[in-house]
Amino acid sequence: KFTDLFEKMVPMAVQQSMSIYSQRKAETVNRLVGTMRETTNLCNGVLASLNLPAALEDLSGDSIPQSIAEKARSVVQLGGLQSIEQLIKDLPELLTRNREILDESLKMLDNEETTDNELRTKFNQRWNRTPSGDLYKPLRAEGGNFRDILDKAVQADQVVRDRYSAHGDMIALLCRPEDELNAAIPSANPTKTLQGSEVVNVLRSLLSQLDEMKKERETIEGEIKAVTFDMSATFLMALAQDGVLNEEQLSLSQLDQLYGAYNQRVQATVRTQEELLGQVQTSHQEFSSLKQSNTEANQREEVLKKLASAHDSYVEISSNLREGTKFYNDLTEILLKFQNKCSDIVFARKTEREELLKYLQQS
Amino acid sequence: SLYPSLEDLKVDKVIR
């Protein structure tokens, strides 16, 4: 049952190319998925601002439109306000933990350098080893990069907090029991019977096409994330044949083969949305002109719009918080590796320092 | 995405 431990060993050039390829792939996936998500957020924003689909369902003028009731249920199911409040409360701890690891690492370098300098002052040119300051430049540069990243993360945390404070009340309202939610929505006398009018049917058809489009995006996202391809064979063959490895060209052509079609489908779904939303805007204008507009109806519509966008913000805030939590946890792992690098080099320098010190004191 | 990407930090660099 012999397993060759060296089976997966590849030349350094191939190993590094695999790393860079996986980074390119991750960036491609993030761009495609990010584009679709942003476009969907835009669509939800436009619909919420037009009070759609609620306006089409809001016949009696005093019961909760079906889409709003569904949105309320989904927020409660996703954990409601408590779940995001808890994640928001955790952010500062995650940030502090990362900062501490980084600060400790850099402090190790500083302390060792201070001692190195003191001994250099004491022994002058007899202290003939490379100054620690020079040796630690790359690590300190890396540390500086981590500091910038943490500063950007702090800004991202603030964006999430601002979004939460802007929509928190309305999200809380969505989480209230149905009767309280209903009581909080101003009622208006029943909408004129617009049911039969053609514009309502056009709007309904457009909205269902938009729903279809959004569902298709979920499928595309799933397919994109399911794509796997082992580049090692390609890299090994290229290295063997030409003796040199053009990672960029090999990776880009492979990534195009794997994701080119998806890129087309993503661009297509963006265009589809633009067309559909254009038609929605036109039909909505006609719909609003038919609908009676009085203060009660307008007040009711304003609250329904806020409730719809509160749901969308809840979904966005939750996604931001998941992303933030993952970011901090991933960064912790990377910072621990950085800390190890710092402690390894400091340990080596200390050992070397003590030997040099012993030697100098003896001679 | 809202938070910085860590992708390029995951590329393990060899210390010379």
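In what follows, chains carry the letters A, B, and so on, assigned in the order in which the sequence lines appear, proteins first and then strands, with residues in each chain numbered from 1. Note that the coordinates shown come from a computational prediction; the quantities given were computed from them, not determined experimentally.
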Report the distance from atom CD of A:Q155 to atom CG of B:L2, rounding to the nearest 0.5 Å.
10.0 Å
Side-chain H-bond candidate by donor/acceptor type, A:N320 with B:Y3, under 3.5 Å:
no
A:F146 versus chain B, the contacting section by heavy-atom distance below 4.5 Å
side chain
Please flag which part of A:D157 lies under 4.5 Å from any non-hydrogen atom of chain B: side chain, backbone, both or neither.
both
For residues A:D330 and B:L9, determine if any side-chain heavy atom of one lies less than 4.5 Å from a side-chain heavy atom of the other.
no
Tell me, out of A:G34, A:S319, A:G324, who's got the most heavy-atom pairs with chain B below 4.5 Å.
A:G324
Hey, could you give me the CZ/OG distance between A:R31 and B:S1, rounded to the nearest 0.5 Å?
13.0 Å
Okay, A:I334 and chain B: the region with an atom under 4.5 Å from a heavy atom over there is side chain
